[in-house]
Amino acid sequence: MGKIVFFGECMVELSQQEDGLLKQSFAGDVFNSAVYLARTFTQVDVSLMTAVGSDSYSEKMLQYFADESIGCEFVYSSKTKSAGLYAIKTDDAGERSFTYWRSDSAAREIMSHVAPADVGRLSKQKMFFFSGISLAVIKPSERDKFWHMVETLRQVGVTLVFDPNYRARLWQSEQEAKQQIERALNICQIALPGIDDFSKLYGIESTDDLVEFLTNFDIEEVVIKNGSQNVVSVQRGTIQECAVVPVLNVVDTTSAGDGFNGVYLGARLQGKTCEEAISFASSAAGFVVQRKGAIVEKESYDSFVTNFDLKSASSSIS
Ligand code: ADP
C-alpha cells in the first residue's frame with residue numbers, strides 16, 4: 001500500500017525540437033512531482049490518482065507510470081474520453097509558449113470513477129497531495145464529491161498537502177479560483193506555494209506579505225518558493241529562511257516547483273527536518289532547471305541523487 005498519493009492530470013506532451021519535429025513525452029504538475037519523489041526516494045511508495053483514456057497514448061502513459069515506479073491503484077480508465085494533450089514551442093529568443101487540448105480530457109471526470117472503497121484505501125495513506133491545477137481540472141459539478149473525499153481523509157489522519165499553482169486560463173473567473181484555493185488552504189496541513197501564484201491572483205509580491213496572508217489559515221507547515229530567491233518556511237509560527245544557490249545556466253524552469261515539491265515531501269516522509277528537506281529539494285530543483293523538459297533524463301538525475309550530500313548542503317540563514 002502506498003504512502004503518498006498525488007492527485008491530478010498527466011498529459012501527453014509534444015515539444016518542438018530544433019529540426020521542427022515534435023518529441024512526445026508525458027507531464028503534468030503533480031505527476032512531475034510524483035516522478036521526482038519516486039526517483040529520489042526509491043523506498044517511498046508513490047501513487048498517482050488520475051483518469052486516463054483507452055487510447056494508445058493513454059496505454060503508453062500507463063507503461064510510463066510503471067517505468068517510473070508510480071503506483072496505479074488509483075488510476076482509472078475512461079471508455080469515452082482521451083488523455084489531455086499540450087504542445088510546447090520555443091521561439092528564437094528562447095521564450096516558450098504552450099497550447100493545450102485538455103478541456104474534455106479523461107482527467108476532468110476523475111471524481112465520477114471514485115467509489116467509497118477507493119476512499120477507504122486512500123485513508124490508509126500517509127499523505128495526499130493536490131494542487132490548484134488539480135482543482136481547476138475537476139469538473140465543477142464533481143467538486144463537492146472531491147471536497148467530501150478530502151474532508152474524510154483529513155478526519156482519518158491523512159496529511160493533506162497543497163500547492164496553489166494558479167493557472168488563470170483553467171478557471172472561469174478569479175473569484176472561482178480564489179474560492180477553491182482558499183478552501184484548500186483552509187483544510188491542508190502542509191502548503192507549498194510559489195510567490196508568483198499569489199502575485200497574479202492576490203497582488204502579493206513579497207514573501208513577508210505572503211507569510212502574513214497565510215496567517216489567515218491554520219496551516220502547520222508552509223514552504224514558500226520564489227525562483228532563485230531564498231526559500232522561506234513557517235512551521236507552527238517559526239519563520240526560517242533557507243539559502244538557494246542561484247543557478248547561472250537556467251535552461252528550462254517548467255518543473256522547478258514540481259521537482260521541489262516531490263523531493264521535499266519525500267524527504268519529510270523519510271523523517272528529514274523541514275530545513276533538511278528544503279535543502280535537498282532546492283538542490284534538486286536547481287539541477288532540474290539546468291536541463292530541458294519537465295522530467296529530466298533519468299540517468300543524469302539518478303547520478304545527481306547518488307552524489308548529493310545532504311549534510312553539507314543544509315544551510316539555514318536564520
Ligand atoms: P514554481 O514552479 O513553483 O514557480 P519556482 O520558480 O519558485 O517554482 O522554483 C522552485 C524552486 O526551484 C525554488 O525554490 C528554487 O529552490 C529552485 N530554483 C528555481 N529557479 C532557480 C534558479 N534560477 N537557481 C537556483 N534554484 C532555482
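One is the number of the first residue; the rest follow in order along the sequence. Side-chain atoms are counted along with the backbone in the values below, which use heavy atoms only and exclude waters and symmetry mates. Read the numbers this way: they start at 1 and go in the same order the structure lists the ligands and their atoms.
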Quick check on contacts: which atoms of ligand 1 are under 4.0 angstrom from a heavy atom of [X]?
X: Ala285; answer: 11 (C), 12 (O), 17 (C)
X: Asp196; answer: 4 (O)
X: Lys225; answer: 3 (O), 7 (O), 14 (O)
X: Val250; answer: 23 (N)
X: Val231; answer: 14 (O)
X: Ser228; answer: 20 (N), 21 (C), 22 (C), 23 (N), 24 (N)
X: Val244; answer: 16 (O), 25 (C), 26 (N)

Could you find the nearest protein heavy atom to [atom] and give me its residue, atom name and distance?
atom: atom 3 (O) of ligand 1; answer: Gly257 CA, 3.6 Å
atom: atom 9 (O) of ligand 1; answer: Ala256 CB, 3.6 Å
atom: atom 16 (O) of ligand 1; answer: Ser282 CB, 2.9 Å
atom: atom 6 (O) of ligand 1; answer: Gly227 CA, 3.5 Å

How far apart are the closest heavy atoms of Phe217 and Glu182, and which atoms are they?
CE2-O, 3.8 Å

Minimum heavy-atom separation for Ile70 and Ser47, please, with both atom names.
CG2-C, 4.2 Å

Can you tell me if Thr253 contacts ligand 1 (heavy atom of the residue under 4.0 Å from the ligand)?
no

Taking the ring of Phe65 and the ring of Phe31, is the distance between their centroids below 6.0 Å?
yes

State whether [X] and [Y] are salt-bridged, where the test is any N-O pair (Lys NZ or Arg NE/NH1/NH2 against Asp/Glu carboxylate O) under 4.0 Å.
X: Asp104; Y: Lys81; result: yes
X: Asp67; Y: Lys298; result: no
X: Glu68; Y: Arg39; result: yes

Side chains of Tyr301 and Ile295: closer than 4.5 Å at any heavy-atom pair?
no

Val211, Leu210, Asp218, Asn216 screened by side-chain contact (heavy atoms from CB on, under 4.5 Å) with Leu214, the one that passes:
Leu210

Report the residue from Tyr264, Phe287, Phe41, Phe260 that forms a ring pair (Phe, Tyr, Trp, His ring centres under 6.0 Å) with Phe280.
Phe41

Looking only at N/O atoms, are Val247 and ligand 1 under 3.5 Å apart anywhere?
yes

Under 3.5 Å between some N or O of ligand 1 and some N or O of Val289?
no

Can you tell which part of Val245 has a heavy atom less than 4.0 Å from ligand 1: side chain, backbone, both or neither?
backbone

Under 4.0 Å, heavy atoms only, figure out whether ligand 1 is touched by the backbone of Asn226, its side chain, both or neither.
backbone

Just by modelled atom types, is the Glu59 backbone N or O under 3.5 Å from a matching donor or acceptor in the Gln63 side chain?
no

